[in-house]
Amino acid sequence: MSFFLSEFTARSAANRTRFKPGVRRELAQEIDLAGARRALLLTTPEQAALAGELAAICGDRIAGRFAGAVMHTPVEVSERAAAHAREIGADLLVAAGGGSTIGLAKAVALRTGLPQIAIPTTYAGSEATPILGQTENGMKTTLTDARVQPDVILYDAELVATLPPGMTVTSGLNAMAHAVEGLYARDRSPISTMMALEGVRAFHEGLPRVMQAPDDLQARGLTLYGAWLCGTVLGQVGMALHHKLCHTLGGTFGLPHAETHAVILPHAIAYNEAAVPDLLAPVARIFGTDSAAAGIHDLAARLGAPLALRDLGLAQSDLDRAADLAAANPYWNPREIRRDPLRRLLQAAWNGDAPQIPNHCQEEE
Ligand code: NAD
């Protein structure tokens, strides 16, 4: 089957991406290659030890460290990190961590114009996008700006090998969400579709393998390859209902990012599969199931992913407000977004029910 479309626009980012187990040990050469002498190294507090390892490798090329990255990129943290970058006269940002750390580097790049090297340690895929999500006053907003796209990405399979099993599976599902929503994006191209399906394939094969053998660097490399492909799709095309729901639940109710993606994905895909079953059929084929939503749900359940919003700390009394917020200013979606079916979707996700795949959209409301 060809993915040809009679009309499309394809975008691509100007960055350099390296895959190699242990590539972080070449960071000093990468800083030199970037022509920088005073890098600011960003991590979360939990990954301060990684910052220590990288600082030891790079010597005085690292002029400062900021180990204050937190989930959902609060604006006040970004302002503090940007002030620190200016104080130390930084000429490069190095982000070593997951989407939160890479998001912080992007937010600092936006404020300072500094170039960035990203060293991802999860599958979130932010390093491959020109997108920045920021939280202020309980609301998460996103912007797309070429200035926030990292210039160099160093994918080191040894770094994801330390991801605990729980985060491995939720972060993998987070990445797959970018690819699956990319398949029905109205601005998709044949190239984004090929990358999305190859990304889903990589996780379908790689995730069970890394859950079985967390230190298998070949399998970890395969999942990182999936993360790169899925993240690149996210950077090229618009996202829809699934991402809107996750942004609402994360930004307003403080739910953890990857876990929320893992719970919502089968439900959001089931909602849309009713409208565009043909566009999701290749995913069902990869999973060997009748529906893409069922395949994703089965994989998530088999690998022990969280299946219920109630287990992530959301109160049942928050569901009405979540449905109101997600239905207000919705992202473009292949199926019309109506508040009541959305409320039912959220209830099912809160309960931990299997996704319901309606026969056709007219059955709803
Ligand atoms: P994260 O970066 O918040 O990391 C979660 C926790 O895991 C942190 O404590 C971190 O230190 C730890 N951790 C990370 N890698 C580890 C490893 N290899 N071993 C052990 N611990 C590790 O989680 P995330 O899911 O990667 O990122 C979520 C954030 O990224 C959200 O704010 C989300 O909005 C953002 N994001 C943005 C984009 C984009 O394109 N802008 C894309 C995806 C995600």
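One-based numbering, in listed order, for ligands and for the atoms of each.
The aromatic rings of His243 and His261 stand perpendicular to each other, their planes meeting at an angle above 60°, with 30° marking the opposite boundary. Between His204 and Phe287, the angle of the ring planes goes over 60°, which puts this pair in the perpendicular group of the 30/60° scheme.
Relative to the six-membered ring of Tyr271, Arg335 meets both conditions, a distance below 6.0 Å and an angle of at most 45° to the axis.
Polar contact with ligand 1: present for Ser100 (N/O pair, distance under 3.5 Å). Considering backbone and side-chain atoms together, Gly133 places no N or O closer than 3.5 Å to any N or O of ligand 1. For ligand 1, none of its N or O atoms has an N or O atom of Thr73 under 3.5 Å away. At under 3.5 Å, a nitrogen or oxygen of Leu159, whether backbone or side chain, sits near a nitrogen or oxygen of ligand 1.
If you look at Leu163 next to ligand 1, the close heavy atoms, those under 4.0 Å, come from the backbone and the side chain alike. Neither the backbone nor the side chain of His247 comes within 4.0 Å of ligand 1, counting heavy atoms alone.
Protein heavy atom closest to atom 10 (C) of ligand 1, with residue, atom name and distance, is Gln47 OE1, 3.6 Å. For atom 6 (C) of ligand 1, the closest heavy atom belonging to the protein is Met167 SD, 4.0 Å.
Ligand-side atoms of ligand 1 in range of His72: 32 (O), range being under 4.0 angstrom from any heavy atom.
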